[in-house]
Structures are given as C-alpha cells and as structure tokens.
Peer 1: 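Sharing a structure below in structure tokens format, with a few things to ask.
As a basis for the values below, the full set of heavy atoms in this structure was taken, side chains included, without hydrogen atoms, waters or symmetry mates. Index from 1, following the sequence.
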Amino acid sequence: MGTRGVALVLLAAVLLQALHPASAAEGLVRIALKKRPIDENSRVAARLSGEEGARRLGLRGANSLGGGAEGDIVALKNYMNAQYFGEIGIGTPAQKFTVIFDTGSSNLWVPSSKCYFSIACFFHSRYKSGQSSTYQKNGKPAAIQYGTGSIAGFFSEDSVTVGDLVVTDQEFIEATKEPGLTFMVAKFDGILGLGFQEISVGDAVPVWYKMVEQGLVSDPVFSFWFNRHSDEGEGGEIVFGGMDPSHYKGNHTYVPVTQKGYWQFEMGDVLIGGKTTGFCASGCSAIADSGTSLLAGPTAIITEINEKIGATGVVSQECKTVVSQYGQQILDLLLAETQPAKICSQVGLCTFDGTHGVSAEIKSVVDDEAGKSNGLHSDAMCNACEMAVVWMQNQLAQNKTQDLILNYINQLCDRLPSPMGESSVDCGNLASMPEIAFTIGGKKFALKPEQYVLKVGEGPAAQCISGFTAMDIPPPRGPLWILGDVFMGAYHTVFDYGNMRVGFAKSA
C-alpha cells in the first residue's frame with residue numbers, strides 16, 4: 001500500500017460529524033457520531049486537489065521524519081457525501097477538538113497554537129499547551145504526507161478525554177504546518193488513529209493501546225455503528241470496551257487479523273448479482289477502515305462492478321488501444337493456458353519480475369511523438385493489459401465467444417473512472433442494479449444498490465455516485481480491498497483487540 005494515514009478526503013464532499021460523549025458504565029463508553037451536510041466549498045476543493053490526489057483518490061498518511069513502517073500507506077480520495085467525526089478533549093481542563101476516528105491510521109494529531117503560517121490552523125481549534133496543567137514537553141519532530149495534503153509539527157504529551165474516559169500521558173502531534181486547501185476546508189480539527197502501533201508515525205503509542213493499558217475499558221474491544229440515514233440527527237456511535245446489541249442483528253462473523261498495522265484480514269470471492277467474478281476466489285487481503293468513505297478495490301474488478309451497475313466515467317484510450325491491438329493475442333495466450341501473470345510481458349507491454357508484471361520502458365502505441373518512449377504511457381498500457389487479462393479470464397470462465405469477449409472488454413474500457421475517481425449512476429435505476437457481495441469468513445456480505453450508491457442532493461437536482469472506487473496495490477501487499485464507510489454502514493463492525501480479529505454483523 002504506500003504509506004498510511006487518513007483516507008478521508010475532506011475535500012471531497014465531506015459529510016462529517018460531531019461527537020457527543022455519553023455515559024460510561026463498567027469500563028464501557030459510547031461516543032455518539034453526528035453528520036453535517038455537504039458544503040459547496042468542500043466539493044470545489046475536491047476538484048483542486050491536483051493530479052496526485054486524483055490518482056491516489058484521497059488522503060493517506062505517509063512517512064515520518066526518520067522513516068515510516070514497511071508498506072506504509074496508500075492514498076484514497078473521498079468524494080462521497082458522508083464522513084464521521086466526534087469530539088475529544090486534550091489537556092486539563094479539556095480543550096475540545098473534533099476528530100476522525102480512523103482505523104486506517106494510528107496517530108492522534110490536532111492543530112497547535114504554535115501554527116502561525118498555515119491558514120488552515122486559523123479555521124480550527126488549536127491546542128494551547130500553556131493552558132493545561134497536565135502538559136508534558138516532548139518536542140520530537142513529526143510529519144505525515146498525504147496524497148492531497150500534509151501536516152508537520154512535533155510531539156507533546158497530555159491527558160486525552162474520550163467520552164468519559166481520561167487517558168493520561170498520551171503522546172500526540174501538535175501540527176504547526178497544514179499547507180494547502182485540504183485541511184482548510186475540513187470540518188474536523190484532527191485525526192485519532194485506531195490502527196496498530198506498527199504504522200504509527202514516530203512509533204507513538206496509540207490512544208486505544210493506552211486505554212487498554214490503563215484499565216479504562218472492561219474488554220479490549222471497540223465497535224462502530226454508522227447511521228446511513230442522513231435525514232436522521234444521529235450519525236452513528238463508537239463503543240469503546242464492547243458493543244451495543246441494539247445496533248446489529250444476529251451474530252458477528254469473525255476473521256483473524258492477518259497483518260498488524262491496519263485491521264487487515266483475508267477476504268474471499270466477490271460476487272455481482274450472485275455470480276462469481278473469480279477475482280478473489282483464491283483469496284485477497286482487505287482492511288476495515290472507518291477513515292475511508294468509499295469501498296476501494298483493484299481497478300480491474302471495480303471497473304467490472306461499475307459496468308454492471310451502469311456507472312459511467314471517461315474513456316481510457318490506453319485500454320481501448322490494448323484491446324484493439326493486443327486483445328486477440330491475449331485471448332490466444334489464455335486459451336493456450338499461459339500463466340496469466342506472464343501474458344502482458346509476453347506481448348511486450350510489461351516486464352515480469354517473477355511474481356507479476358511491471359511497467360516496461362517501451363514506445364507507447366498511442367504516443368503522439370514518434371520515436372519517443374513515454375514512461376507514463378508505459379504504466380498505463382501495462383495496467384490496461386493486466387486489467388484486460390483479468391476481464392478475459394472471467395469471460396472465458398463463462399464460456400463466452402471470442403467476439404463477445406472483445407466487445408465486452410471494450411465496454412469495460414468505457415467504464416473506467418474519470419480522473420478524480422468518481423463514477424456516476426442514474427438515480428432512477430436503483431431498482432435494476434445488482435447486489436454486490438463480498439465473502440468474509442465463508443459468509444457472503446451483500447450490499448444493496450441503496451447501500452452502495454451515494455445520493456447527493458434532493459429532487460431533480462440529486463446526483464448519484466457509485467460507492468466503488470479503484471485503487472491498485474501491487475503484490476505482495478495486494479491486491480488489497482479497503483472496506484470503508486460504504487461497507488461499515490451496512491455492517492456493524494467489531495475490532496477485537498484482545499483476540500486479534502474483526503467481526504461483522506448486519507446493522508440494525
């Protein structure tokens with residue numbers, strides 16, 4: 001994945017929430033989440049995030065001064081209409097901040113009163129160490145780089161209040177630099193990471209670890225319930241120390257954490273309308289990420305899903321070129337039972353590194369300047385070829401004819417997402433769209449159209465956006481799926497730290 005951090009693109013059409021602490025009983029504390037409606041500035045800012053933000057689709061944390069953890073993180077762009085945040089306190093007496101509770105990162109940071117030269121800091125609450133009797137100086141520098149923004153500052157230590165719980169001697173980052181528009185338009189002040197220490201910038205001990213170490217929760221478990229009915233006041237709830245049975249139906253299906261850092265686990269086959277895609281039949285890795293609004297996965301299968309639900313993006317010329325010039329050759333190699341991972345290197349669009357294809361420095365067939373090699377086009381052609389192989393495999397498994405396969409692949413090229421990652425759907429077609437299901441722990445977790453389509457606005461002016469967005473993580477980390485709020489809104493999610501597992505049950 002690249003480097004980790006906060007896949008929330010506040011710039012995208014953030015529908016964030018404010019948090020109100022509730023009562024704690026026997027080491028269990030509830031955090032109520034609320035929403036705010038989209039504001040037009042956030043939508044405009046999403047369009048200003050630049051090419052890197054468009055390519056990475058979001059904000060994800062990167063590295064610290066002094067280096068980050070292996071495989072750190074990938075950036076995702078949040079362009080949907082809901083984002084969840086809540087209130088915490090830092091210091092004594094507590095200074096209030098709204099934060100994203102993010103299972104995809106592990107640090108706590110808020111703006112500092114010593115942030116003098118970043119406009120974003122003046123739009124948010126700032127921590128004042130001189131006003132806290134429990135402040136302890138640290139001073140170690142810290143920096144986090146995101147796909148569409150960054151923060152830098154230094155570590156401090158103080159008490160952190162979450163609901164009715166007070167965590168003492170907590171290391172956190174005072175942000176003194178927040179350049180660009182990204183955090184200026186955010187409706188939250190900072191981020192409270194709930195991931196593992198393995199991906200923590202500066203190896204800081206996460207707030208959740210401290211809660212457990214200091215005996216503040218009766219059970220080393222926390223759970224999320226997201227309310228996806230935007231017309232209701234409450235946005236959702238986090239329970240530290242357990243779960244609320246009124247927010248789920250039946251029993252949870254648990255799967256073990258396979259790699260600490262994110263809450264990562266193994267996921268099986270992806271189904272469209274009850275039919276297998278075969279993409280993850282032999283297993284894929286996935287993470288449950290409360291800091292990502294959408295559901296992200298490899299471009300090849302996300303494009304196929306978006307085609308089936310009628311989502312439209314922009315035409316990829318590279319994709320169409322690969323199909324027209326190499327489609328028959330790829331099909332012939334698949335029929336000859338050539339190892340799929342080697343096909344794109346055999347046709348000359350990728351090189352083979354022993355496990356998968358990587359871009360080759362070759363002349364692009366769509367390069368306007370004859371005689372010149374273009375690395376960007378090489379990347380696009382290699383990626384398009386690998387997608388075509390996946391799509392053709394799926395169609396051959398369904399015994400489709402070669403002509404039908406090539407025509408279908410051309411249609412999929414038309415469904416590739418637009419540069420900012422968004423794919424729109426017709427709001428009037430929800431009833432005809434298929435369910436999309438994910439196999440976890442041997443059980444199928446289906447999403448209905450009204451759960452995976454995001455509606456922005458009301459009446460004739462309403463726009464509908466696909467909740468599926470593309471992100472490619474190469475082996476050995478990938479393919480990696482990010483099950484964000486689109487999925488966690490449909491399924492109550494339990495993060496069982498004591499047993500190192502993640503559980504899902506239908507939300508109530």
Peer 1: Does Thr103 offer a backbone N or O that forms a donor-acceptor pair with the side chain of Ser290 under 3.5 Å?
Peer 2: yes
Peer 1: Is the backbone of Ser423 close enough, under 3.5 Å, to the side chain of Ser466 for a donor and an acceptor to pair up by distance?
Peer 2: no
Peer 1: Atom OG1 of Thr258 and atom CE of Met267: how far apart are they, to the nearest 0.5 Å?
Peer 2: 12.0 Å
Peer 1: Grab the two heavy atoms, one from Cys382 and one from Leu349, that are nearest each other, plus how far apart they are.
Peer 2: CB-O, 3.4 Å
Peer 1: With a 4.5 Å heavy-atom cut-off, do Ile305 and Ile272 have their side chains touching?
Peer 2: yes
Peer 1: With a 4.5 Å cut-off on side-chain heavy atoms, are Leu404 and Gln395 touching?
Peer 2: no
Peer 1: Apply side-chain contact (heavy atoms from CB on, under 4.5 Å) to Gln264 and Leu480, showing your working.
Peer 2: CA-CA 9 Å; Gln264 183 171 324; Leu480 184 68; 4.2 Å; yes
Peer 1: Any side-chain heavy atom of Lys400 within less than 4.5 Å of one from Tyr408?
Peer 2: no
Peer 1: Does any pair with a residue in residues 487-505 pass side-chain hydrogen bond (donor to acceptor under 3.5 Å, both in side chains), and if so which ones, sequence neighbours excluded?
Peer 2: His252-His492, Asp496-Asn499, Asp496-Arg501
Peer 1: Just to verify, which of Val201, Ile144, Val99 counts as forming a side-chain contact (heavy atoms from CB on, under 4.5 Å) with Trp109?
Peer 2: Ile144
Peer 1: Using a strict SG to SG cutoff of under 2.5 Å, would you count Cys385 and Cys344 as disulfide-linked?
Peer 2: yes
Peer 1: Search all heavy atoms of Gly268 against all heavy atoms of Cys280 and return the closest pair with its distance.
Peer 2: O-CB, 3.1 Å
Peer 1: Would you mind reporting whether Glu386 and Thr299 have side-chain heavy atoms less than 4.5 Å apart?
Peer 2: no
Peer 1: Using 0.5 Å steps for rounding, measure from the CG atom of Asn306 to the CD1 atom of Ile301.
Peer 2: 10.5 Å
Peer 1: Find out whether Val255 and Glu266 are in side-chain contact, i.e. whether some heavy atom of one side chain is under 4.5 Å from a heavy atom of the other.
Peer 2: no
Peer 1: In Å and rounded to the nearest 0.5 Å, what is the CZ to NE2 distance from Phe224 to His247?
Peer 2: 13.0 Å
Peer 1: For side-chain contact (heavy atoms from CB on, under 4.5 Å), just list the numbers for Gln463 and Leu454, CA-CA rounded to whole Å, side-chain angles, deciding distance to a tenth of an Å, and then say yes or no.
Peer 2: CA-CA 8 Å; Gln463 294 181 328; Leu454 309 169; over 6 Å; no
Peer 1: Show the nearest heavy-atom pair for residues Tyr254 and Gly503, with the distance to one decimal.
Peer 2: CD2-CA, 3.5 Å
Peer 1: Verify side-chain contact (heavy atoms from CB on, under 4.5 Å) between Ile330 and Val322, making sure each step is shown before the conclusion.
Peer 2: CA-CA 10 Å; Ile330 293 171; Val322 166; 4.2 Å; yes
Peer 1: Any luck finding a side-chain donor-acceptor pair between Ser246 and Asp244 under 3.5 Å?
Peer 2: yes
Peer 1: Does the side chain of Tyr248 come within less than 4.5 Å of Val494's, by heavy atoms?
Peer 2: no
Peer 1: Would you call Trp481 and Leu295 a side-chain contact if the rule is heavy atoms closer than 4.5 Å?
Peer 2: yes
Peer 1: Does some side-chain heavy atom of Val162 sit less than 4.5 Å from a side-chain heavy atom of Trp208?
Peer 2: no
Peer 1: Take the angle between the ring planes of Phe240 and Phe222 and call it parallel below 30°, perpendicular above 60°, tilted in between.
Peer 2: tilted
Peer 1: So, do Phe487 and Phe504 have ring centers that fall under 6.0 Å from each other?
Peer 2: yes
Peer 1: Roughly how far apart are Ser285 OG and Ile473 CD1, rounded to 0.5 Å?
Peer 2: 11.0 Å
Peer 1: Looking at every non-hydrogen atom in both residues, tell me the closest pair between Trp391 and Cys319 and how far apart they are.
Peer 2: CZ3-SG, 3.8 Å
Peer 1: Would you confirm whether Ser223, through its side chain, and Gly242, through its main-chain N or O, come within 3.5 Å as a donor-acceptor pair?
Peer 2: yes
Peer 1: Can you check side-chain contact (heavy atoms from CB on, under 4.5 Å) on Phe265 and Leu483, steps first, answer last?
Peer 2: CA-CA 11 Å; Phe265 53 91; Leu483 307 186; 3.9 Å; yes
Peer 1: Would you tabulate the side-chain donor-acceptor contacts of residues 425-447 under 3.5 Å, counting partners in other chains and residues two or more places apart, or write 'none'?
Peer 2:
{"from": "Asp426", "atom 1": "OD1", "to": "Gly428", "atom 2": "N", "distance (Å)": "2.8"}
{"from": "Ser432", "atom 1": "OG", "to": "Asn429", "atom 2": "O", "distance (Å)": "2.9"}
{"from": "Thr439", "atom 1": "OG1", "to": "Asp269", "atom 2": "O", "distance (Å)": "2.9"}

Peer 1: Find the distance between CG (Leu412) and CG (Asn394) and round it off to the nearest 0.5 Å.
Peer 2: 9.5 Å
Peer 1: Closer than 3.5 angstrom, by distance alone: can the side chain of Thr292 be matched with the main-chain N or O of Leu294 as a donor-acceptor pair?
Peer 2: no
Peer 1: Please name the pair of heavy atoms, one in Ile199 and one in Gly261, separated by the smallest distance, quoted to 0.1 Å.
Peer 2: CD1-O, 3.3 Å
Peer 1: Can you give me the closest heavy-atom contact between Pro298 and Asp472, atom names plus distance?
Peer 2: CA-OD1, 3.3 Å
Peer 1: Can you tell me if Asp189 uses its side chain to pair, donor with acceptor, with the backbone of Thr98 under 3.5 Å?
Peer 2: yes
Peer 1: Say whether, by atom type as modelled, one donor and one acceptor occur between the side chain of Ser200 and the main chain of Asn107 under 3.5 angstrom.
Peer 2: no
Peer 1: To the nearest 0.5 Å, what is the distance between CZ on Arg228 and CE on Met488?
Peer 2: 10.0 Å
